[in-house]
Amino acid sequence: MISVLIFATVAFASYLLGSIPAGYLAGRIAGIDIRDVGSGNIGATNVTRVLGRRYGYPVFILDFLKGVLAVGISIFFAKHAQSRSASPELLGIVAAVFCVIGHAFPVWLGFRGGKGVATSAGVLFGLMPLAALIGAVVWVFMFETTRYVSVASITAAIALPVAVLVMTYARQTNGWMPFYLCLCLAAVVIFRHRSNFSRLMRGTEPRFKRK
C-alpha cells in the first residue's frame with residue numbers, strides 16, 4: 001500500500017512539474033499567446049522562431065530543468081524516505097515518464113503542450129547522462145546537417161532506444177527499465193511531431209533561422 005501511494009505521489013507531482021508551460025508564460029510576458037503564432041506550439045523552438053533567443057533559450061532551459069528536477073527530487077526522496085519500499089531508479093523512471101507527459105499534455109492548456117524534446121533531455125540527463133550525451137550529439141549533428149529542428153528531434157528520439165539497447169547488452173545499465181523508458185520517451189516525442197511529418201512530406205516544414 002505504501003509503495004502504491006509513493007508511486008502515485010511521484011507520478012502526480014512529476015506530471016504537475018512537467019505541465020508548467022514555460023513557453024506559454026514567455027509568450028504572455030511578451031504580450032502574445034504563443035499558441036496563435038508560428039506553429040502554435042509552446043515549445044522552445046516555436047518561441048525562438050517567434051520571439052527570438054531572448055525568450056526561446058530560457059524556455060528551453062526551464063523545460064530541460066523540469067526533467068532534471070523531477071528525476072532528481074524523486075531519487076532523493078526514495079533514498080532518504082524512512083520506508084525503502086521503492087527503488088530510487090524505478091521512482092526516477094516513473095517521474096521521468098510523467099514529467100514528459102505533463103509537458104506534452106498539460107491540463108492547464110487543454111492538454112496542448114510542447115513536443116517533449118527539452119524535457120526528455122532533462123530526465124535522461126538526470127537518469128542516464130551518457131545516453132543523454134549520445135542523444136545530444138545525434139541532435140546537433142542532424143540539426144547542423146539539415147537545419148530542421150524536427151528532423152533532429154525525431155532522429156535523436158529514435159537513436160536513444162538503440163543506444164540504450166546496446167548499453168544494456170553491454171551491461172552498462174541496471175536492467176531493461178532504462179531501455180523501456182527510452183522507448184516511451186521516443187513514442188511521446190514522435191507522436192508530438194506528427195504534424196511535422198506532414199509538413200516534411202509536403203516540403204513546407206520551415207528550416208530554423210537564428211534570430
Side-chain angles (χ1 to χ4, degrees), residues 14-72 96 99-126 132-160 185-186 188-200 204-211:
S14 298
Y15 173 86
L16 290 180
L17 178 59
S19 69
I20 298 173
Y24 173 79
L25 295 175
R28 284 304 187 189
I29 291 172
I32 65 170
D33 188 336
I34 196 67
R35 298 172 297 178
D36 295 332
V37 292
S39 66
N41 191 266
I42 68 167
T45 300
N46 192 44
V47 174
T48 303
R49 280 202 181 104
V50 175
L51 299 174
R53 291 177 293 179
R54 177 185 175 188
Y55 290 92
Y57 287 9
V59 167
F60 177 87
I61 292 170
L62 289 173
D63 286 343
F64 178 87
L65 288 177
K66 290 190 301 187
V68 175
L69 286 173
V71 170
C99 184
V100 173
I101 291 175
H103 174 78
F105 307 102
V107 64
W108 326 110
L109 301 180
F111 304 102
R112 181 184 168 191
K115 296 182 177 178
V117 177
T119 305
S120 293
V123 300
L124 284 171
F125 182 82
L133 178 61
I134 292 171
V137 170
V138 171
W139 192 97
V140 170
F141 174 79
M142 292 303 299
F143 175 70
E144 293 298 334
T145 301
T146 67
R147 304 302 296 177
Y148 287 119
V149 174
S150 57
V151 171
S153 300
I154 293 167
T155 305
I158 294 171
L160 272 171
L185 296 181
V188 172
V189 170
I190 293 171
F191 176 77
R192 294 296 293 153
H193 279 85
R194 62 193 185 281
S195 60
N196 299 88
F197 276 114
S198 299
R199 290 195 294 270
L200 286 166
T204 58
E205 176 77 346
R207 295 179 188 270
F208 187 85
K209 297 180 180 179
R210 294 186 178 93
K211 288 192 175 183

Going by heavy atoms in the side chains, are [X] and [Y] under 4.5 Å from each other?
X      : Y      : answer
Val117 : Arg192 : no
Leu160 : Leu124 : yes
Ile154 : Met142 : no
Cys99  : Val71  : no

If you look at every heavy atom in [X] and [Y], which pair is closest and at what distance?
X      : Y      : answer
Tyr15  : Phe105 : OH-O, 2.6 Å
Leu185 : Ala96  : CD2-O, 4.4 Å
Val188 : Ala104 : CG1-CB, 4.0 Å
Ala132 : Ala121 : CB-O, 4.4 Å
Gly56  : Thr48  : CA-OG1, 3.1 Å
Gly27  : Leu51  : CA-CD1, 4.1 Å

From [atom1] ([X]) to [atom2] ([Y]), nearest 0.5 Å:
X      : Y      : atom1 : atom2 : answer
Leu200 : Glu205 : CG    : CD    : 4.5 Å
Asn46  : Arg49  : CG    : CZ    : 7.0 Å
Leu62  : Tyr57  : CG    : OH    : 15.0 Å
Ser195 : Asn41  : OG    : CG    : 7.5 Å
Ile42  : Asp63  : CD1   : CG    : 7.0 Å
Leu65  : Phe60  : CG    : CZ    : 9.5 Å

[X] side-chain N/O to [Y] backbone N/O, donor-acceptor pair under 3.5 Å:
X      : Y      : value
Lys66  : Ile20  : yes
Tyr24  : Gly113 : no
Arg112 : Leu109 : no

Decide if atom CZ of Arg54 counts as having more than 12 heavy atoms of other residues, nucleotides or ligands within a radius under 6.0 Å. no
Around atom CZ of Phe125, are there more than 12 heavy atoms from other residues, nucleotides or ligands closer than 6.0 Å? no
Let me see the working for Trp108 and Leu16 under side-chain contact (heavy atoms from CB on, under 4.5 Å), right down to the final yes or no. CA-CA 10 Å; Trp108 326 110; Leu16 290 180; 3.7 Å; yes
Let's go through Val189 and Ser120 carefully: what are the C-alpha distance in whole Å and the side-chain angles of both, what is the deciding distance for side-chain contact (heavy atoms from CB on, under 4.5 Å) to 0.1 Å, and is it a yes or a no? CA-CA 8 Å; Val189 170; Ser120 293; 3.8 Å; yes
What do the steps show when you test Glu144 against Phe141 for side-chain contact (heavy atoms from CB on, under 4.5 Å), and what is the final call? CA-CA 5 Å; Glu144 293 298 334; Phe141 174 79; over 6 Å; no
May I ask you to check if Arg53 and Tyr55 form a cation-pi contact, with NZ or CZ under 6.0 angstrom from the six-membered ring centre and within 45° of the axis? no
Ile190 vs Ile158, side-chain contact (heavy atoms from CB on, under 4.5 Å): CA-CA, chis, key distance, verdict: CA-CA 8 Å; Ile190 293 171; Ile158 294 171; 3.8 Å; yes
So, Trp139 versus Ser153: side-chain donor-acceptor pair below 3.5 Å or not? yes
